[in-house]
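Residues take their numbers from the sequence shown, with the count starting at 1.
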Amino acid sequence: MSDQEIISQIVHWKKKRGAVILAHNYQPGEIQDIADFLGDSLALSRQATKIPEQVIIFCGVRFMAESAKILSPGKQILLPRKDAGCPLADTITARQVRQIKEAHPRAAVVCYVNSSVQVKAESDVCCTSSNALQVVEGIEAEEVIFVPDKNLGHYVSRFTKKRMIIWDGFCYVHHRIRAEELQKAKEAHPQAVVLVHPECRPEMVDLADHVLSTDGMLRFAQGSDAEEFIIGTEVGLIYRLRKENPGKKFYTTGSAMVCVNMKKIRLQDVLLSLQQDQHSIFIPEEISRRARGALDGMLRYVKPGG
Ligand code: 13P
Ligand code: SF4
């Protein structure tokens, strides 16, 4: 089947199943083009709870589909590729979280949403890249265990007086890029505004004009008078930025950041999801209930309409 034939089949099956396609901003262009909703981790979690459709094809990585399932347990959440995981989420286990809690009994645990269901179940509250500081500042405890992303944790620690105990995990995609590369990109495009994701190294953050989530970058680029931007995050976002801002120029920080897991889902996988329920997310009730406490806690920090 050609791509066009697959897309026609997807449209047909979506209608037949009463399904909706949510896709993260890092998805391949062909998937972004067929999505009903695109967004960052926070926007997609919230969208999953708002839409009336009972079948959601979640084009992203596993923790995102799992968050949607936890927040909407009655809906069927399908992840088209079973092996689309997030290596950052795998850098810590629930047992390791319990061990840190034992060592710091007065601390609250804030876990980045890029984490397993088991880790969420051990945490007091979740956060995403767009609300991490708000969440850390908002919880009562003066001591915070922050897992699993050290770069996001250290970024938050720049703005809070709270004592932070930060896990040593990182995202290989964002952590790989070094400040020297960004410095060269800045020299090549001196007029460009530099936007970087908080999963980048602190030295990258130091060189940035703004540190934002992927949706934050989209909003910034749309509202800005600037015409050129250097984008310090996964290349999928650059596809969306170029499509939605045809008059503006977007450059990578040097070598492109590519998340292999985000690029696994193809059109054919989406069609198989619709036709054969490929792959339905299931989370045992007890763990789901405990993880939901942390996700609900995070959503309470979102301003209405924000
Ligand atoms: P956003 O929530 O900013 O889209 O980030 C998700 C992610 O996985 C970053 O690597
Ligand atoms: Fe995980 Fe990094 Fe890929 Fe985001 S970009 S999904 S944090 S591996």
Give a yes or no on whether a salt bridge exists between Asp36 and Lys14, defined as a side-chain N under 4.0 angstrom from a carboxylate O.
yes
Could you tell me whether Arg289 and Glu286 have a side-chain N and a carboxylate O separated by less than 4.0 Å?
yes
Any side-chain heavy atom of Asp90 within less than 4.5 Å of one from Ser116?
no
Just do the side-chain hydrogen bond (donor to acceptor under 3.5 Å, both in side chains) check on Thr160 and Glu137 with the steps written out, would you?
CA-CA 7 Å; Thr160 181; Glu137 284 286 271; 2.6 Å; yes
Test salt bridge (charged side-chain N to carboxylate O under 4.0 Å, His left out) applied to Lys263 and Glu234, step by step
CA-CA 11 Å; Lys263 300 291 183 265; Glu234 214 273 347; 2.9 Å; yes
So if you build clusters from Ile, Leu, Val, Met, Phe, Trp, Tyr with side-chain heavy-atom gaps below 4.5 Å, do Phe146 and Val211 land together?
yes
Are the side chain of Trp13 and the backbone N or O of Ser8 linked by a donor-acceptor pair below 3.5 Å?
no
What's the spacing between Glu142 CD and Glu140 CD if we round to 0.5 Å?
9.5 Å
Ionic contact status for Arg163 with Glu143, cut-off 4.0 Å
yes
Heavy-atom check, side chain of Ile51 versus side chain of Ile56, under 4.5 Å:
yes
What orientation do His174 and Tyr26 show, parallel under 30°, tilted 30 to 60°, or perpendicular over 60°?
tilted
Working to the nearest 0.5 Å, report the span between CD1 of Ile230 and OG1 of Thr253.
8.5 Å
Does Lys120 reach the side chain of Val117, with side-chain heavy atoms less than 4.5 Å apart?
no
Pair Arg240 + Asp33: basic N to acidic O under 4.0 Å:
no
Side chains of His175 and Lys150: closer than 4.5 Å at any heavy-atom pair?
yes
So, the side chain of Lys248 versus the backbone of Ala221: is there a donor-acceptor pair under 3.5 Å, distance only?
yes
Dump the intermediate steps for side chain to side chain contact (heavy atoms under 4.5 Å, CB included) on Thr214 and Thr233, then the final yes or no.
CA-CA 8 Å; Thr214 57; Thr233 196; 4.3 Å; yes
Charged N-O contact under 4.0 Å between Asp40 and Arg46:
no
CA sep, side-chain torsions, deciding dist, call: Tyr112, Glu199, side-chain hydrogen bond (donor to acceptor under 3.5 Å, both in side chains)
CA-CA 11 Å; Tyr112 189 28; Glu199 283 178 20; 2.6 Å; yes
Find out if a path of hydrophobic residues (ILVMFWY) with successive side-chain heavy-atom gaps under 4.5 Å connects Ile283 to Leu44.
yes
Could you give the distance from OH (Tyr172) to CG (Leu88), rounded to the nearest 0.5 Å?
11.0 Å
Criterion side-chain hydrogen bond (donor to acceptor under 3.5 Å, both in side chains) on Tyr239 and Gln32, from CA distance to verdict
CA-CA 9 Å; Tyr239 176 84; Gln32 295 196 21; over 6 Å; no
Can you tell me if NZ on Lys249 sees more than 12 non-hydrogen neighbours from other groups inside 6.0 Å?
no
Please determine whether a side-chain nitrogen of the Lys or Arg among Lys184 and Glu180 lies less than 4.0 Å from a carboxylate oxygen of the Asp or Glu.
no
May I ask you to test the Leu271-Met1 pair for a side-chain heavy-atom distance under 4.5 Å?
yes
Quick one: CG on Leu295 to CG on Leu71, what's the gap to the nearest 0.5 Å?
5.0 Å
If the test is side chain to side chain contact (heavy atoms under 4.5 Å, CB included), which one of Leu78, Val55, Leu272 qualifies with Asp277?
Leu78
Do NZ/NE/NH1/NH2 and the carboxylate oxygens of Glu203 and Arg178 come within less than 4.0 Å?
no
Backbone N/O of Ser2 and side chain of Glu5: donor-acceptor pair under 3.5 Å:
yes
Evaluation steps, side chain to side chain contact (heavy atoms under 4.5 Å, CB included), between Val61 and His24:
CA-CA 8 Å; Val61 290; His24 186 264; over 6 Å; no
Hey, can you tell me if Phe220 and His210 have their rings parallel, tilted or perpendicular (30° and 60° cut-offs)?
tilted
May I ask you to check whether over 12 heavy atoms, not counting those of Lys243, lie within 6.0 Å of atom NZ?
yes
Look up atom CD in Gln268 and atom CD1 in Ile6, then write down how far apart they are to the nearest 0.5 Å.
4.5 Å
Taking side chain as C-beta onward, heavy atoms only, is Met257 less than 4.5 Å from Thr252?
no
Transitive ILVMFWY side-chain link Phe170 to Val97, under 4.5 Å
no
Under 4.0 Å between a side-chain nitrogen and a carboxylate oxygen: does that hold for Glu285 and Arg292?
no
Donor-acceptor contact present, side-chain Ser130 to main-chain Ser213, <3.5 Å:
no
Can a donor-acceptor pair be found, under 3.5 Å and without considering hydrogens, that links the side chain of Thr93 to the backbone of Gln96?
yes
Indicate yes or no: at least one non-hydrogen side-chain atom of Ile57 is less than 4.5 angstrom from one of Val20.
no
Salt-bridge contact Glu122-Lys101 (side-chain N to carboxylate O under 4.0 Å):
yes
What closest approach, in Å, do Val119 and Ala94 show between heavy atoms, and which atom pair accounts for it?
CG2-N, 3.7 Å
List the steps and the verdict of side-chain hydrogen bond (donor to acceptor under 3.5 Å, both in side chains) for Asp149 and Asn114.
CA-CA 8 Å; Asp149 188 61; Asn114 300 39; over 6 Å; no
Is the backbone of Arg266 close enough, under 3.5 Å, to the side chain of Asp269 for a donor and an acceptor to pair up by distance?
yes
Do other residues, nucleotides or ligands put more than 12 heavy atoms under 6.0 Å from Arg95 CZ?
no
Treating Ser288 as the side-chain partner and Pro284 as the backbone partner, does any N or O pair qualify as donor plus acceptor under 3.5 Å?
no
Validation row: Cys59, Leu22 side chains within 4.5 angstrom (heavy atoms)
no
Applying the side chain to side chain donor-acceptor pair (under 3.5 Å) criterion to Gln76, which one of Arg17, Gln54, Lys69 satisfies it?
Arg17
Report whether Ile166 and Ile92 are members of the same hydrophobic cluster (ILVMFWY, side-chain heavy atoms less than 4.5 Å apart, transitive linking).
no
Any donor-acceptor pair under 3.5 Å linking the side chain of Ser123 with the backbone of Cys126?
no
Is there a path of hydrophobic side-chain contacts, each under 4.5 Å between heavy atoms of I/L/V/M/F/W/Y residues, joining Met64 to Val147?
no
Give a yes or no answer on whether the side chain of Ser115 reaches the backbone of Cys111 with a donor-acceptor pair at less than 3.5 Å.
no
Output yes when a side-chain donor or acceptor of Asp296 lies under 3.5 Å from a complementary backbone atom of Gly293, and no otherwise.
no
What do the steps show when you test Asp206 against Arg158 for salt bridge (charged side-chain N to carboxylate O under 4.0 Å, His left out), and what is the final call?
CA-CA 11 Å; Asp206 290 339; Arg158 293 179 182 217; 3.0 Å; yes
Rounded to the nearest 0.5 Å, what separation is found between the CG atom of Leu79 and the CD atom of Glu66?
8.5 Å
